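All values reported here derive from a predicted model rather than from experimental measurement. Whatever order the structure lists ligands and atoms in, that order sets their numbers, starting from 1. Sequential numbering from 1 along the given sequence is applied to the chain's residues.
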Amino acid sequence: MHVCIVGTGYVGLVTGACFADFGVDVVCVDKDAEKIKRLIDGEIPIYEPGLKELVDKNLREGRLSFTTDIGGSIRSSLVVFIAVGTPPRGDGSTDLRYVEEVSRTIASNLNGYKVIVTKSTVPVGTGRLIEKIVREERKEEHLFDVASNPEFLREGSAVEDFMRPDRIVIGARNEQAVAILKDLYSPLYLRDTPFVVTDIETAEIIKYASNAFLATKISFINEIANLCERAGADVHTVAKAMGLDRRIGPKFLHPGPGYGGSCLPKDTMALADIAGKLDYRFRLMEAVIDVNREQRNLMVAKIRRSVGELDGTTIGLLGLTFKPNTDDIRESPAVDIAMSLIKENARIKAFDPAGMENASRVLPETVTYCKDAYDVAEGCDCLVIATEWNQFRKLDMDRIKGLLRRPVVVDLRNIYDPNRMREMGFDYASVGR
Ligand code: UDX
Ligand code: UDX
């Protein structure tokens, strides 16, 4: 089977490399010639554990290739995955211009039956839109099917998530398209992965509903944490006890500065927007988004309370990415918090194991990037733990205390024990404890 993946971003690249590893012939296309050149040279533009090994192996064994020739790639493939970006517009709606552009290109290169699959997260109705574009603009009268096959990959464990998914969702109108996609995923079928086969609209909603529910859990526990602070309770014990109820489950109940990244913020906004367009006000989603936004301000207030006046202080920031094990800083709470602190005239020293290069593109030049956590701590009025990278979990706190100008630590990810920190003489604050 020949498969073409259009768009070699996060999702496209992981999908392409994993399908190739299943033994399928995969061509990954992107209009960004520079990116394709780097990929051909074996350079991986993103930080994703295990991805380079997978790309190298499948390039070497000839099942994976990279090109900018989108027309040729479509013509030689039975299945075309659309994995181009679907960026949010200012109002939270989704910009589908790239998906539309690719659909037109598919139409003009339709040289036989093909299955056109959306991998990108797209609003409900996009499957129909693609069908319409291809039907109206195809040069030759070949048959085709459109399908929705959303991804549920987490950054930092995307390869593992692809190879061991909780479920595969296939939305299509036609048995043939379903059969072809099932065949593509047959290695996972053998591993007893549950398949949910449904219509396109349902598949499109499943993706948003899943991400929106994860976001809801996070905003919920953050509000419980805010309540715990006021009541003198411990949110971790609350979360643990809640999680033991199997109907609730223990995951995604970790309090902190709120969710970030390229998916949850975008998808929650998009779902609220989709609902609005269908004449339904999704109040819960609006609240989830609102709570998440406000949580960042509460974290800045927490830091302000810990140091007194922010003006003229030096704040050390550990972590810049939206979560550990990625170099992604999109919608990162750490970056937002840094911006707010800078606005209040604090000087920022920062360290992140993977995100400094990306962060330096969006943060003001006044930020000092350090070589490790100890380098950050030196001379600071407060050390803020913004992302829970493993290397921040077991810092030599005696040494940190000696380096700080004042022994103030604000732990936004709750990775240290409050009693222990206070015993050591720190003025220690965390979230919901
Ligand atoms: C994806 C999905 O697009 C998004 O819907 C989902 O929610 C998260 O994952 P990602 O893979 O991170 O996003 O996208 P991005 O990194 O923006 O990559 C898209 C790639 O497609 C880029 O390399 C871009 O150059 C390429 N592209 C875009 C094309 O090749 N052709 C186009 O017309 C547009
Ligand atoms: C998410 C979904 O998990 C994935 O299924 C989907 O396909 C893409 O979006 P990702 O964006 O990689 O994946 O990050 P994830 O690990 O889900 O974390 C999202 C954000 O939530 C991070 O900023 C993280 O710090 C935060 N988070 C997560 C919490 O604050 N508390 C939690 O308990 C869990």
Side-chain angles (χ1 to χ4, degrees), residues 9-12 14-15 46-49 51 83 85-86 88 118-122 149-162 164-169 203-204 206-226 235-236 238-240 242-243 248-271 288-289 291-293 295-296 298-299 319-337 352 354-355 385-390 392 411-415 430-432:
Y10 221 94
V11 171
V14 172
T15 304
I46 51 170
Y47 176 92
E48 189 60 48
L51 186 57
T86 49
T118 50
K119 216 18 154 175
S120 302
T121 305
V122 291
N149 171 223
E151 48 81 19
F152 301 96
L153 310 173
R154 282 168 303 175
E155 292 187 19
S157 51
V159 173
E160 175 70 16
D161 286 350
F162 194 97
R164 302 186 182 282
D166 290 334
R167 76 304 209 184
I168 298 286
V169 174
E204 287 169 341
I206 287 172
K207 173 59 196 267
Y208 282 107
S210 303
N211 273 359
F213 192 75
L214 293 173
T216 304
K217 280 188 105 174
I218 298 171
S219 277
F220 183 85
I221 202 66
N222 282 338
E223 291 219 276
I224 294 289
N226 299 339
V235 67
H236 282 286
V238 175
K240 187 177 170 202
M242 282 173 67
I248 299 174
K251 302 278 192 238
F252 270 69
L253 289 176
H254 195 83
Y259 59 82
S262 68
C263 291
L264 300 192
K266 175 168 76 91
D267 294 347
T268 42
M269 297 271 284
L271 189 55
V288 166
I289 295 166
V291 167
N292 194 57
R293 201 175 293 132
Q295 191 69 6
R296 296 175 186 205
L298 291 179
M299 299 300 110
L320 292 163
T321 52
F322 79 99
K323 66 172 194 178
N325 304 322
T326 173
D327 65 353
D328 199 338
I329 55 139
R330 284 178 284 179
E331 299 286 334
S332 170
V335 169
D336 252 14
I337 290 167
D352 186 284
I385 302 172
T387 315
E388 70 281 31
W389 283 89
N390 269 341
F392 302 150
D411 179 1
L412 301 182
R413 299 288 183 170
N414 292 358
I415 58 182
S430 57
V431 184

Visitor: Between the side chains of Thr121 and Lys266, does any donor sit under 3.5 Å from an acceptor?
Guide: no
Visitor: Scan side-chain atoms only and decide if Gln295 and Asn226 contain a donor-acceptor pair under the 3.5 Å cut-off.
Guide: yes
Visitor: Listing by chain and number, which residues have a heavy atom under 4.0 Å from ligand 2?
Guide: Glu151, Phe152, Leu153, Arg154, Glu155, Lys207, Asn211, Leu214, Ile218, Phe252, Leu253, His254, Tyr259, Gly260, Cys263, Leu264, Phe322, Lys323, Arg413
Visitor: Less than 4.5 Å apart, any side-chain heavy atom of Arg154 and any of Glu160?
Guide: no
Visitor: Please determine if Lys207 and Glu151 form a salt bridge, counting it only when a charged side-chain N lies under 4.0 Å from a carboxylate O.
Guide: yes
Visitor: Is there a donor-acceptor contact under 3.5 Å linking the side chains of Thr15 and Lys119?
Guide: no
Visitor: Report yes if some heavy atom in the side chain of Ser262 is under 4.5 Å from a heavy atom in the side chain of Arg330; otherwise report no.
Guide: yes
